[in-house]
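Have a look at the structure below before the remarks.
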Amino acid sequence: MIRKAVIPIGGEATRLRPLTIETSKGLVRLLNKPILEHSILNLARDGIEEIYLGVKGYVNYTSLFDYFREGYWLRKKYGLEKEVRIRYMPRYESTTNGDAVWYTMRYYGIDEPVVVVQGDNIYQMDLEEMVEWHRRKNAFMTIALQPVEDVTGFGVAKVDDGYRIEYFVEKPAPSEAPSNLANTGIYILSENFWDFLDEPWAKEMKDKKKLDFGSDIIPALIEHGYDLYGYPMDGYWFDVGSPERYLNAAMYLLRNLSPGDMDAFEVTKDVHMQGRSEMSENLRRLIRDMIKRGELLVKGRVLLGRHISIGKGTALEDAVVDNYSIIGRNSEVLHSVVMDRVKMGSNVRVMNSIVSRHVEIGDNVRIVNSVIGDNAVVSNNVRMYNVKIWPHEFVEKGATLEHYTVRSTSAPKR
């Protein structure tokens, strides 16, 4: 079984803004914990013992290191069979996901097969089965593939009957895609994988650091006859690369994961709440009583965090409310995510939207198809439709915004 995994996690995640203006994409909260924590837990439960983060930039490195540290705490928190150790790429200036993996493996002297997972992927799969597939095919590289309805923004592979990859194109126009099999960014690399860089034809790739897996490495290896195979991936997979994809992933997981998968306990059949303390149990009892008395209306599935407060007359439908958040009376959270320590007034409607951390929302506010960045303030009587609010911004009382972005003149340097 493979014991090591590398997760390249660099770049500024511009498509995910405003969620990533001041936050590493790996630490954006999904179902009330960081995106990257989901992947690390999946890897650890599949027997991976060492995880290497190919970090780039000040925000990525400092925030990820300060949160995950060496990773030993994960065993106790989640009851893992073994400890998982997390290490970080030293400060090499990587420019692509491929050279982040290359630098990391070269520095740590990794000369055995590894799993590669992208930092903004959310997935569930049988890794042991994929490893066995890789070995059975005697593959140089195996790529987990999954059919998608819309190939826009994905690398796409054409395979033969044995799933050997015959052709690969990165982010083709839908009309030019050779199939609907998307590259998930989950790879198994053979122990001698990077030896290809010693070939004369690869000299320019190495010298110019043209080592993006999708744009450079995979097409070049196929062109030069290497055995690359697709693996028909079962289970779910999301590239959480934009607010729209983030929200789609959150709603899918909310509707399909078990309470245990969400580290939550049942309040009612479709309402689950996190927290194990006596205070959390008392809060679950309070929420359950509010639902029974009709003081809290619930439809679809709902995930609630710890130490929250919800006012009477509020309605939740397919909603995630994170830790320490306060929702006032007669409000609605519909098909939306409210992150931690949000303060929301009364008579507020949030629909198909993402409200980030420590946001303050006044009374009589409507937020539809919008994304609000960390620590923003939305005053009373605001209406916003298809709006993005950058972190720390202020929306004045009575404003009506449509198809608009509220942001500072410059984003902070990463």
Side-chain angles (χ1 to χ4, degrees), residues 2 5 7-8 15-16 25 30-31 35 38-39 42-43 46 97-98 115-189 212-223 226-258 261 318 335:
I2 293 177
I7 303 177
R15 291 183 301 139
L16 198 50
K25 62 185 175 183
L30 179 71
L31 298 192
I35 286 173
H38 292 267
S39 294
N42 283 340
L43 291 168
D46 280 330
N97 55 13
V115 179
V116 176
V117 176
Q118 305 308 307
D120 54 2
N121 276 2
I122 293 292
Y123 73 94
Q124 181 61 263
M125 63 177 289
D126 188 334
L127 180 58
E128 185 175 356
E129 183 181 273
M130 183 178 176
V131 171
E132 179 56 33
W133 175 279
H134 175 80
R135 289 174 175 161
R136 192 164 64 247
K137 297 291 186 180
N138 195 28
F140 187 70
M141 176 184 186
T142 298
I143 303 171
L145 301 175
Q146 191 167 88
V148 295
E149 292 183 6
D150 182 5
V151 300
T152 301
F154 297 119
V156 180
K158 181 179 183 296
V159 299
D160 64 17
D161 292 341
Y163 253 75
R164 191 177 194 274
I165 299 176
E166 299 178 317
Y167 179 67
F168 182 90
V169 58
E170 180 72 352
K171 299 178 181 177
S175 60
E176 299 174 356
S179 76
N180 68 336
L181 294 176
N183 172 16
T184 65
I186 302 171
Y187 311 132
I188 296 178
L189 310 183
D212 182 81
F213 276 111
S215 298
D216 306 310
I217 293 174
I218 295 172
L221 292 176
I222 294 171
E223 180 184 348
Y226 285 76
D227 292 325
L228 272 63
Y229 280 85
Y231 168 72
M233 178 180 174
D234 243 352
Y236 61 79
W237 163 72
F238 294 94
D239 170 5
V240 190
S242 68
E244 294 77 19
R245 288 179 177 172
Y246 169 96
L247 197 55
N248 287 340
M251 293 299 104
Y252 175 90
L253 297 175
L254 179 64
R255 294 169 188 145
N256 289 278
L257 293 186
S258 69
D261 290 333
D318 291 328
H335 312 288

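Basis for what follows: all heavy atoms, side chains included, without hydrogens, waters or symmetry-related copies. A quick note: this is a predicted structure, and the numbers were derived from the prediction, not measured.
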Nearest non-hydrogen partners of Ala250 and Leu30, listed with the distance: CB-CD1, 3.6 Å

Taking side chain as C-beta onward, heavy atoms only, is Ile218 less than 4.5 Å from Ile165? no

Among all residues two or more places apart in sequence or in another chain, which pass the side-chain contact (heavy atoms from CB on, under 4.5 Å) test with Arg164? Asp160, Asp227, Tyr229

Relative to each other, are the rings of Phe154 and Trp237 parallel, tilted or perpendicular (30° and 60° limits)? tilted

For the CG atom of Leu127 and the CE atom of Met233, what is their distance to the nearest 0.5 Å? 10.0 Å

For residues Phe238 and Ala249, report the shortest heavy-atom separation together with the two atoms involved. CG-CB, 3.6 Å

So which heavy atom on Val151 is nearest to which on Ser179, and how close? CG1-O, 3.9 Å

What I'd like to find out is whether the side chain of Val156 reaches to under 4.5 Å of the side chain of Asn180, using heavy atoms alone. no

Mind checking whether Asn183 and Phe213 have side chains closer than 4.5 Å, heavy atoms only? no

Please answer whether the main-chain N or O of Thr184 pairs with a side-chain N or O of Asn121 as donor and acceptor at a distance below 3.5 Å. yes

Side chain proximity check, Ile186 to Met130, heavy atoms < 4.5 angstrom: yes

In this structure, CD1 of Ile217 is separated from OH of Tyr187 (nearest 0.5 Å) by 8.5 Å

Check against side chain to side chain contact (heavy atoms under 4.5 Å, CB included), Leu16 and Asp120: CA-CA 10 Å; Leu16 198 50; Asp120 54 2; 5.8 Å; no

Counting only heavy atoms not in Asn138, do more than 12 fall under 6.0 Å of its CG? no

Quick one: does any side-chain atom of His38 pair with a main-chain N or O of Leu31 as donor and acceptor, under 3.5 Å? no

Main-chain N/O of Tyr123 paired to Asn42 side chain as donor or acceptor, under 3.5 Å: yes

Contact between Glu129 and Tyr231 at the side-chain level, heavy atoms closer than 4.5 Å - yes or no? yes

Shortest non-hydrogen separation from Pro8 to Gln118 and the atoms involved: CG-OE1, 3.6 Å

Output the distance between atom CH2 (Trp133) and atom CD (Glu128), rounded to the nearest 0.5 Å. 15.5 Å

Is it the case that the side chain of Lys171 and the backbone of Gly214 share a donor-acceptor pair, with hydrogens and angles ignored and the cut-off at 3.5 Å? no

Under the criterion side chain to side chain contact (heavy atoms under 4.5 Å, CB included), I'd like the reasoning laid out for Val131 against Ile188: C-alpha separation, chi angles, the key distance, then a yes or no. CA-CA 7 Å; Val131 171; Ile188 296 178; 3.7 Å; yes

Arg135 side, atom CZ; Ile2 side, atom CD1 - distance, nearest 0.5 Å: 6.0 Å

Taking Asp216's backbone N and O only, do any of them form a donor-acceptor pair with Glu170's side chain (distance below 3.5 Å, no angle check)? no

Rounded at 0.5 Å granularity, tell me how far CG in Asp234 sits from CG in Asp126. 9.0 Å

How far apart are the C-alpha atoms of Tyr236 and Asn256, what are their side-chain angles, what is the distance that settles it, and do they pass the side chain to side chain contact (heavy atoms under 4.5 Å, CB included) test? CA-CA 10 Å; Tyr236 61 79; Asn256 289 278; over 6 Å; no

To the nearest 0.5 Å, what is the distance between CD (Glu132) and OG1 (Thr142)? 11.0 Å

Which heavy-atom pair separates Gly119 from Ile35 by the least distance, and what is that distance? O-CG2, 3.9 Å

Locate the shortest heavy-atom distance separating Pro178 from Ala157; write the atom from each residue and the value. CG-C, 4.5 Å

